[in-house]
J.: 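Supplied in structure tokens, the structure appears directly below.
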Amino acid sequence: MCLAVPGKVLERQDMLATIEVGGVTRKVSLMLLPETQVGDFVLIHAGFAVQRIDEEEAEKTLALFKELEQYAANE
């Protein structure tokens, strides 16, 4: 099973982007999505942006991750 996480592109330098996911930033490769722009939302898997998604879908997925995190904290 693979898990991709949505994030927002904050900065771009060549084929590397700084992505924000739930308040955490990290560098990811844009080699698979070279047309990605600052402000886009992308799915990240294994250090690569693998698909562009719209903001609404990204927010829904991040909200579900937060619910899972809260559920796990209460177990």
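Note that the structure is predicted; figures quoted are calculated from it, not measured. Only this structure's heavy atoms are used, side chains among them; waters, hydrogens and symmetry mates stay out.
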J.: Can you measure from CD (Gln13) to NZ (Lys27) and round to the nearest 0.5 angstrom?
T.: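 It comes to 6.5 Å.
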
J.: I want to check something: taking the side chain as every heavy atom from C-beta on, are Ile53 and Pro6 in contact at a cut-off of under 4.5 Å?
T.: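 Yes - at least one pair of side-chain heavy atoms lies under 4.5 Å apart.
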
J.: Within the 4.5 Å heavy-atom criterion, are Glu59 and Phe41 side-chain neighbours or not?
T.: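 In contact.
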
J.: Looking at NZ of Lys60 and CG of Asp54, how far apart are the two atoms once the value is rounded to the nearest 0.5 Å?
T.: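 The CG atom of Asp54 is 8.0 Å from NZ of Lys60, to the nearest 0.5 Å.
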
J.: Cluster question for you: counting only ILVMFWY and a side-chain heavy-atom cut-off of under 4.5 Å, with indirect links fine, are Leu62 and Val24 together?
T.: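 The answer is no; the residues belong to distinct hydrophobic clusters.
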
J.: Would you say the side chain of Arg26 lies within less than 4.5 Å of the side chain of Val21, judging by non-hydrogen atoms?
T.: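 SC-SC contact between Val21 and Arg26 ruled out.
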
J.: What are the two closest non-hydrogen atoms of Ala49 and Leu32, and how far apart are they?
T.: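 Minimum heavy-atom contact is O-CB, 3.6 Å.
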
J.: Which atoms form the tightest heavy-atom contact between Asp40 and Glu35, and what is the distance?
T.: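 For Asp40 and Glu35, the tightest heavy-atom pair comes out as OD2-O, 4.5 Å.
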
J.: How close do Gln51 and Leu33 get, counting heavy atoms only, and between which atoms?
T.: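 Looks like N-CD1, 3.2 Å.
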
J.: Would you name the heavy atoms of Ala4 and Phe65 that are closest together and state the gap between them?
T.: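 That would be O-CZ, 4.2 Å.
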
J.: Measuring from atom CD of Glu69 to atom CG of Asn74, what distance do you get when rounded to the nearest 0.5 angstrom?
T.: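 Between atom CD of Glu69 and atom CG of Asn74 there are 11.0 Å.
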
J.: Under 4.5 Å between any side-chain heavy atoms of Met15 and Pro34, yes or no?
T.: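 With C-beta onward as the side chain, the pair touches.
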
J.: For the pair Arg12 (side chain) and Thr36 (backbone), establish whether a donor and an acceptor sit closer than 3.5 Å, ignoring hydrogens and angles.
T.: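 A pair under 3.5 Å: yes.
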
J.: Tell me the closest heavy-atom pair linking Val50 and His45, and the distance in Å.
T.: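 Closest heavy-atom pair between Val50 and His45: CG1-CB, 4.2 Å.
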
J.: Hydrophobic clustering (ILVMFWY, side-chain heavy atoms < 4.5 Å, transitive) - are Leu64 and Leu43 grouped together?
T.: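 Leu43 and Leu64: separate clusters.
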
J.: Is there any salt bridge (charged side-chain N to carboxylate O under 4.0 Å, His left out) pair reaching into residues 14-24, and which pairs are they, with sequence neighbours excluded?
T.: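 For residues 14-24: none.
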
J.: Would you check if Val42 and Ile19 make a side-chain contact, meaning some heavy-atom pair closer than 4.5 Å?
T.: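 The answer is yes; the side chains approach within 4.5 Å.
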
